[in-house]
Amino acid sequence: MILRRVVDLRRTVAAWRREGATVGVVPTMGALHEGHLSLVAAARAQCDRVIVTIFVNPAQFNNPEDLAKYPRDEARDIALLDGVAVFLPEVDEVYPPGFSSTVHVKGLSDRLEGAHRPGHFDGMATVVTKLFGMTQADVAFFGEKDWQQLQIVRRMVADLNLPIRIVGCPTSREADGLAMSSRNRRLNASARDAAQTIHRAMTQAATAVRAGDMAAVDRIPETLKAAGFRSVDYAELADAETLAPVQDLSRPARILVAATVDGVRLIDNIAV
Ligand code: PAF
């Protein structure tokens, strides 16, 4: 079932609710890969009805070129989504004339990705709040690949008493460790080869940190640059929940990395 209008989505969800069904939502920007499909599988396992939203949200792109180049493949996406409802709104349906509201999660939105992509998390939090309101789902599924996004969504749901449960799902990886991402499609052969270094460097650093070598994370940028990355926005050891920088492992910690190879900006993270 393909739905493009909020009224039709709400009518569909209302009918499901009358049957007593539980509703899960998987928010996406399309160009689906196995990582998305693992979220859909988790949603289908936990909920009676599933909605996959596909919306390339202009409000979360701080760079117009990145928005223009973002891969779009609606026909293929729909073909991959058998047995679930697909919500595919146009930009005007989500942001009608006069739209004036923003959801801003202080602090958490300002570090790491937020520091390098001004406005990105406000755009994300605003559209996710809207998608929760539009779908009225009971449960929402997000990938751990976007770890900071997941923490911001959890904070926002708690702060605003949004009646939805958030489920984080493990990152799907290629055989060489590269985290699956729609942006991987833009990597040429040599950049694709270099890209696997992110996961290798993070894994090595995590082992070193566990052995007490906290500075190992600071060496990730030189490893990435030696492998062909042009720039590294950050490679940090952070508290898994607050994302504040950490110096010890008294609480769960995460290594988070953002780096660019051949003009494609990749992000990844792992638990320490
Ligand atoms: O992770 C994404 O693809 C997007 O940030 C999301 C959650 C669909 C909001 O546009």
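Fair warning: this is a prediction, and the values are worked out from it, not measured in the lab. First listed ligand is number 1; within each ligand, the first listed atom is number 1.
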Contacting atoms of ligand 1, where contact means under 4.0 angstrom from a heavy atom of Thr28: 8 (C)

Residue pair Asn57 / Tyr95, side-chain donor-acceptor N/O under 3.5 Å: yes

For atom 3 (O) of ligand 1, closest protein heavy-atom neighbour: Met29 CG, 3.6 Å

Distance-only side-chain donor-acceptor flag, His104 / Asp122, under 3.5 Å: yes

Contacting atoms of ligand 1, where contact means under 4.0 angstrom from a heavy atom of Pro27: 8 (C)

Close side-chain approach of Leu131 and Val25, heavy atoms under 4.5 Å: no

Ligand 1 atoms in contact with Val127 (distance to a heavy atom under 4.0 Å): 9 (C), 10 (O)

Parallel, tilted or perpendicular: ring planes of His33 versus His36, cut at 30 and 60 degrees: tilted

Close-contact set for ligand 1 against Gln149 heavy atoms, below 4.0 Å: 1 (O), 2 (C), 4 (C), 5 (O), 7 (C)

Audit row: Arg219, Asp213, side chain to side chain contact (heavy atoms under 4.5 Å, CB included) steps and yes/no: CA-CA 11 Å; Arg219 295 194 292 272; Asp213 177 9; 2.6 Å; yes

Closest protein heavy atom (residue, atom, distance) for atom 10 (O) of ligand 1: Gln60 OE1, 2.6 Å

Connected via hydrophobic side-chain network under 4.5 Å: Phe55 and Ile51: yes

Numbered atoms and elements of ligand 1 in range of Met124, under 4.0 angstrom, heavy atoms: 5 (O)

